[in-house]
K.L.:
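First the structure, then my questions, so here it is.
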Amino acid sequence: MKIKYSVQKAAVKLSLLFLGAVFCAPLLFLASGSVMSRYELGESLLPLMTDGENLITWRFFPLYPTFEHYRKILFQTPQFFIVFWNSMKIVMWILTGQLFIAVPAAWAFAVYPFRFRKFLFTMYIVLMLMPFQVTMLSSYLVLNRLSLLNTHGAVILPAVFSTFPVFLIYRGFCDLPKGLMEAARIDGAGEWTIFARLGLPLASGGILSAAVLGYLEYWNLIEQPLAFLEDQSLWPLSLYLPEISLEQAGYSFVASVITLIPAVFVFLSGREYLEQGIVASALKE
């Protein structure tokens, strides 16, 4: 039995290692491509450039590694920093706006038994399930009336009022013990004090998970900026990368690596809260 168990355990570990290598392969592909010389990249990607029928050859360990492309992007490409900070600006404003809109809305849905609460929350869920293509025209008309088209506000404002963080944070507030809030009211605490002193600290896991998921989503926005932003100087990184031509493949690899770093940092920092958010979003009321 012990030998059979050991064999099964080794098989499971080998399977997990294989799957891990498969999932990590794109990251290794990016990292190796970012330090390849221009000549080596051209040799590897020649079938793409010539529309040939041959397969692409790739070395995960370049023969002649170089940081030429990093130097070009970091010190000689100012437009890259423009779009990078555009992405940072858009994401930070969206998350800040959601903090002031989604958190109080989720608290109201979870704590106060007002009329039509179930109906309104159901409508929130329906809106959450609608893809951007369904609401694009109505959003465009509203933003046009507000004179926000071709501004970062056209991307930020609709995302601030997104329904998904409300739903996610709502689940965290629902887990708060009702008896604790009633005891605070008996002791003379006001509603704002209960919200600030009890609600926010005890539901911080749900709030942080919504922030992590929101960052990962809005850092990679494509459709909304493409629909509402005409001026390329306003574009985020997610639209800048496809604009890099195949002849500049090295710059594209470097830009992709730099774009990936903030997302990976946020993911690793908030991985525990992200798991809580995924579990909470799967629960039914």
Side-chain angles (χ1 to χ4, degrees), residues 88-130 135 139 142-143 146 148 151-219 221 224 265-267 269-285:
M88 293 295 295
K89 174 185 175 182
I90 290 172
V91 172
M92 291 298 104
W93 275 110
I94 288 175
L95 296 182
T96 302
Q98 287 183 352
L99 179 66
F100 288 98
I101 300 297
V103 175
W107 175 261
F109 278 122
V111 174
Y112 301 116
F114 54 88
R115 290 184 63 185
F116 305 115
R117 183 180 68 166
K118 295 281 188 180
F119 172 76
L120 288 175
F121 192 72
T122 302
M123 292 300 297
Y124 258 66
I125 296 177
V126 171
L127 290 173
M128 182 180 68
L129 298 176
M130 287 186 177
T135 60
S139 298
V142 171
L143 293 170
L146 295 174
L148 289 176
T151 67
H152 285 150
V155 179
I156 295 171
L157 187 62
V160 165
F161 293 94
S162 173
T163 57
F164 180 68
V166 176
F167 172 75
L168 200 59
I169 299 170
Y170 164 83
R171 298 306 315 177
F173 284 138
C174 284
D175 294 335
L176 297 179
K178 305 297 181 182
L180 184 62
M181 291 187 289
E182 291 299 327
R185 291 189 180 99
I186 293 174
D187 289 340
E191 296 300 319
W192 171 254
T193 302
I194 295 174
F195 171 68
R197 299 288 182 86
L198 294 180
L200 292 181
L202 295 179
S204 59
I207 297 172
L208 291 174
S209 65
V212 172
L213 287 170
Y215 186 95
L216 296 177
E217 176 184 358
Y218 300 123
W219 184 252
L221 281 180
Q224 291 86 338
F265 175 77
V266 171
F267 173 78
S269 300
R271 181 175 55 186
E272 179 182 351
Y273 303 108
L274 180 61
E275 293 172 357
Q276 295 176 8
I278 294 174
V279 172
S281 63
L283 298 178
K284 294 184 179 179
E285 187 175 7

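Note that the structure is predicted; figures quoted are calculated from it, not measured.
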K.L.:
What distance do Ile94 atom CD1 and Trp219 atom CH2 have between them, rounded to the nearest 0.5 Å?
P.N.:
12.0 Å

K.L.:
In this structure, are over 12 heavy atoms from other groups packed under 6.0 Å from Phe114 atom CZ?
P.N.:
yes

K.L.:
Mind listing the closest non-hydrogen atom pair of Ser162 and Gln98 along with its distance?
P.N.:
CB-NE2, 3.9 Å

K.L.:
With side chains defined as the heavy atoms from C-beta onward, is the minimum distance between His152 and Trp93 less than 4.5 Å?
P.N.:
no

K.L.:
Measure the shortest side-chain to side-chain distance between Tyr215 and Met92 over non-hydrogen atoms and say whether it is less than 4.5 angstrom.
P.N.:
yes

K.L.:
Rounded to the nearest 0.5 Å, how far does CG of Leu148 lie from OG of Ser139?
P.N.:
11.5 Å

K.L.:
To the nearest 0.5 Å, what is the distance between OG1 on Thr163 and CG on Leu168?
P.N.:
11.0 Å

K.L.:
Determine whether Leu143 and Pro158 make a side-chain contact, defined as any pair of heavy atoms from C-beta on separated by less than 4.5 Å.
P.N.:
yes

K.L.:
Given side chains that start at C-beta, do those of Val160 and Phe100 come closer than 4.5 Å, heavy atoms only?
P.N.:
no

K.L.:
Centres of the Tyr170 and Phe121 rings: under 6.0 Å?
P.N.:
yes

K.L.:
Could you check whether the rings of Phe195 and Trp192 sit parallel, tilted or perpendicular, using 30° and 60° as the cut-offs?
P.N.:
tilted

K.L.:
Hey, could you give me the OG1/CD distance between Thr135 and Gln224, rounded to the nearest 0.5 Å?
P.N.:
8.0 Å

K.L.:
Is there side-chain contact between Val103 and Leu200, with heavy atoms separated by less than 4.5 Å?
P.N.:
yes

K.L.:
Do Tyr218 and Val155 touch side chain to side chain, with heavy atoms closer than 4.5 Å?
P.N.:
no

K.L.:
Flag yes if more than 12 heavy atoms outside Tyr112 fall under 6.0 Å of its OH atom; otherwise flag no.
P.N.:
yes

K.L.:
Using 0.5 Å steps for rounding, measure from the CZ atom of Phe161 to the CD1 atom of Ile156.
P.N.:
12.0 Å

K.L.:
If you compare all heavy atoms of Ala106 against all heavy atoms of Phe173, which two are closest, and at what distance to 0.1 Å?
P.N.:
C-CD1, 3.7 Å

K.L.:
For the CG atom of Leu146 and the OG1 atom of Thr151, what is their distance to the nearest 0.5 Å?
P.N.:
9.5 Å

K.L.:
Might you point out which heavy atoms bring Phe109 and Arg117 nearest each other, and give the distance in Å?
P.N.:
O-NH1, 3.0 Å

